[in-house]
Amino acid sequence: MLSDDGESGHPPLVFFDLETTGLSRDCEMVQLAAVSSSHSLNLYVAPQGRMDWGATRATGLTVRHHRLFLHKRPLLCTPPTEALLAFLCFIHMCQKPPQRPLLVGHNARAFDVPVLLRALERRGLRGALEDAVGGAVDSLALSRDLLRDSGVSSFKQEALVRRLLGEDYAAHDALQDARALQRLVLQGLKPRAEDLRRHTFSLGEPTGH
DNA sequence: TGCCAGGCCCTCTTTAGGGCCTT
């Protein structure tokens, strides 16, 4: 099976996902999860602002008095700077010198990476991430490419996991999404090293959102 | 009152528009 530990002819892969307060350009991350090989990181962060109703409906997360709740149960939260530093430590742990890991996320180019970079930039940590990784791969673009002419009509992560792996999972929980994405890419999409190279973008490139 | 996300992809395209995808 294709692996994500840097032993398959491509850099180590770190699958990640964010849950946020919404989709707007000023949204804040409230859950940060990363998975590589059998290792995982899962942290909740209490935002300064409010959750959009759509985000609450999708995730079950709510904010009250700057505390975060999942289905009305209080969550243990990590201060945002500590959460980002933990994420950077996780990435360093995944390094196989001289190879630097690739971040992999679904629609990451348009959404997760810009949100993450903004959070890092506010704390002077953006350069640390750019130095730590070899770039990022958007599994949405990768799947659209590899499944071209396959008859797949929905490229939502949940739909791809069901179609390619025959699995249902708890979507909109960042850790479950990151784990499902790891299975989707390694067991379902099975990209070649050149496929990953073709879809790797630099974090230094201007990103939208 | 007026704002309300934005990049990518596809096509009945390129002097554009609409749907997808992320929360």
Side-chain angles (χ1 to χ4, degrees), chain A residues 14-35 42-64 68-72 75 77 80 83-84 87 102-122 135-164 169-182 184-185 188-189 191 195-196 198-209:
Chain A
V14 176
F15 301 88
F16 84 110
D17 187 48
L18 304 179
E19 303 307 320
T20 69
T21 56
L23 296 172
S24 64
R25 86 178 63 178
D26 59 352
C27 70
E28 300 173 72
M29 66 176 187
V30 291
Q31 187 185 10
L32 167 62
V35 173
N42 181 35
L43 298 170
Y44 290 98
V45 178
Q48 293 296 305
R50 309 173 74 171
M51 294 284 292
D52 288 351
W53 167 235
T56 286
R57 197 172 42 192
T59 63
L61 293 165
T62 49
V63 176
R64 199 170 180 184
L68 191 62
F69 297 80
L70 177 60
H71 301 304
K72 299 185 179 177
L75 292 167
C77 289
L84 292 168
F87 182 63
L102 297 176
L103 289 176
V104 185
H106 207 65
N107 203 23
R109 183 168 196 152
F111 186 74
D112 301 80
V113 164
V115 172
L116 185 62
L117 289 179
R118 274 202 311 275
L120 288 161
E121 190 148 15
R122 272 188 226 117
V137 174
D138 189 335
S139 56
L140 174 61
L142 180 69
S143 56
R144 279 179 170 148
D145 181 14
L146 297 183
L147 299 174
R148 193 181 299 273
D149 303 324
S150 68
V152 170
S153 56
S154 173
F155 292 87
K156 290 180 183 176
Q157 181 176 315
E158 206 175 355
L160 289 173
V161 168
R162 188 178 302 121
R163 173 79 180 244
L164 271 63
Y169 73 99
H172 289 301
D173 173 291
L175 180 60
Q176 296 308 317
D177 277 325
R179 284 182 168 151
L181 183 61
Q182 182 188 40
L184 173 65
V185 171
L189 294 173
D195 297 322
L196 291 170
R198 195 169 62 251
H199 285 279
T200 298
F201 61 94
S202 162
L203 298 189
E205 292 175 26
T207 52
H209 207 76

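Owing to the predicted nature of the structure, the values given are computational and were not obtained by experimental measurement.
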Gap between atoms [atom1] and [atom2], on [X] and [N] respectively (whole Å):
X      : N      : atom1 : atom2 : answer
A/Q176 : B/dT23 : CD    : P     : 13 Å
A/L181 : B/dC21 : CG    : P     : 15 Å
A/F15  : B/dT22 : CZ    : P     : 16 Å
A/E158 : B/dT22 : CD    : P     : 9 Å
A/D52  : B/dA5  : CG    : C1'   : 11 Å
A/L142 : B/dC8  : CG    : P     : 16 Å
A/L116 : B/dT22 : CG    : P     : 18 Å

query = With respect to the phosphate group of B/dC10, does any side-chain polar atom (N or O) of A/R148 fall under 4.0 Å of OP1 or OP2?
reply = yes
request  = Give a yes/no answer on whether the side chain of A/S154 brings an N or O atom under 4.0 Å of OP1 or OP2 in B/dC20.
outcome  = no
request  = Identify the two heavy atoms, one from A/A33 and one from A/A178, that lie closest to each other, and give their separation to 0.1 Å.
outcome  = O-CB, 4.4 Å
ask   = Relative to A/F201, does A/R109 satisfy both conditions: NZ or CZ under 6.0 angstrom from the six-membered ring centre, and within 45 degrees of the ring's axis?
value = yes
request  = Return the 5'-most residue of the pair A/R144, A/T59 with respect to DNA chain B, ranking by each residue's nearest nucleotide.
outcome  =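 The answer here is A/R144.
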ask   = Quick check: are there more than 12 heavy atoms from other residues, nucleotides or ligands sitting under 6.0 Å from CZ of A/R64?
value =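 No, because the 6.0 Å sphere around CZ of A/R64 holds 12 heavy atoms or fewer from other groups.
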ask   = If you round to the nearest 0.5 Å, how far is OG1 of A/T56 from CZ of A/F69?
value =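 Output value for this atom pair is 12.0 Å.
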message = Taking any heavy-atom pair under 4.0 Å as a contact, classify A/D138: base, sugar-phosphate, or nothing.
response =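 If one applies the 4.0 Å heavy-atom cut-off, A/D138 turns out to touch nothing in the nucleic acid.
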request  = Look at all strands and tell whether A/L61 reaches a base, only sugar-phosphate, or nothing, counting heavy atoms closer than 4.0 Å.
outcome  =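 If one applies the 4.0 Å heavy-atom cut-off, A/L61 turns out to touch nothing in the nucleic acid.
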What distance, rounded to whole Å, do you find between the two [atom1] atoms, one in [N] and one in [M]?
N      : M      : atom1 : answer
B/dT13 : B/dG19 : C1'   : 15 Å
B/dC12 : B/dG18 : P     : 15 Å
B/dC8  : B/dC3  : C1'   : 25 Å
B/dG17 : B/dT23 : C1'   : 25 Å

task = Compare the minimum distances between each of B/dT22, B/dC20, B/dT23 and the side chain of A/H106, then state the nucleotide with the smallest one.
result = B/dT22
query = Going through the checks in order, is the side chain to side chain contact (heavy atoms under 4.5 Å, CB included) test met by A/L164 and A/L189?
reply = CA-CA 8 Å; A/L164 271 63; A/L189 294 173; 3.9 Å; yes
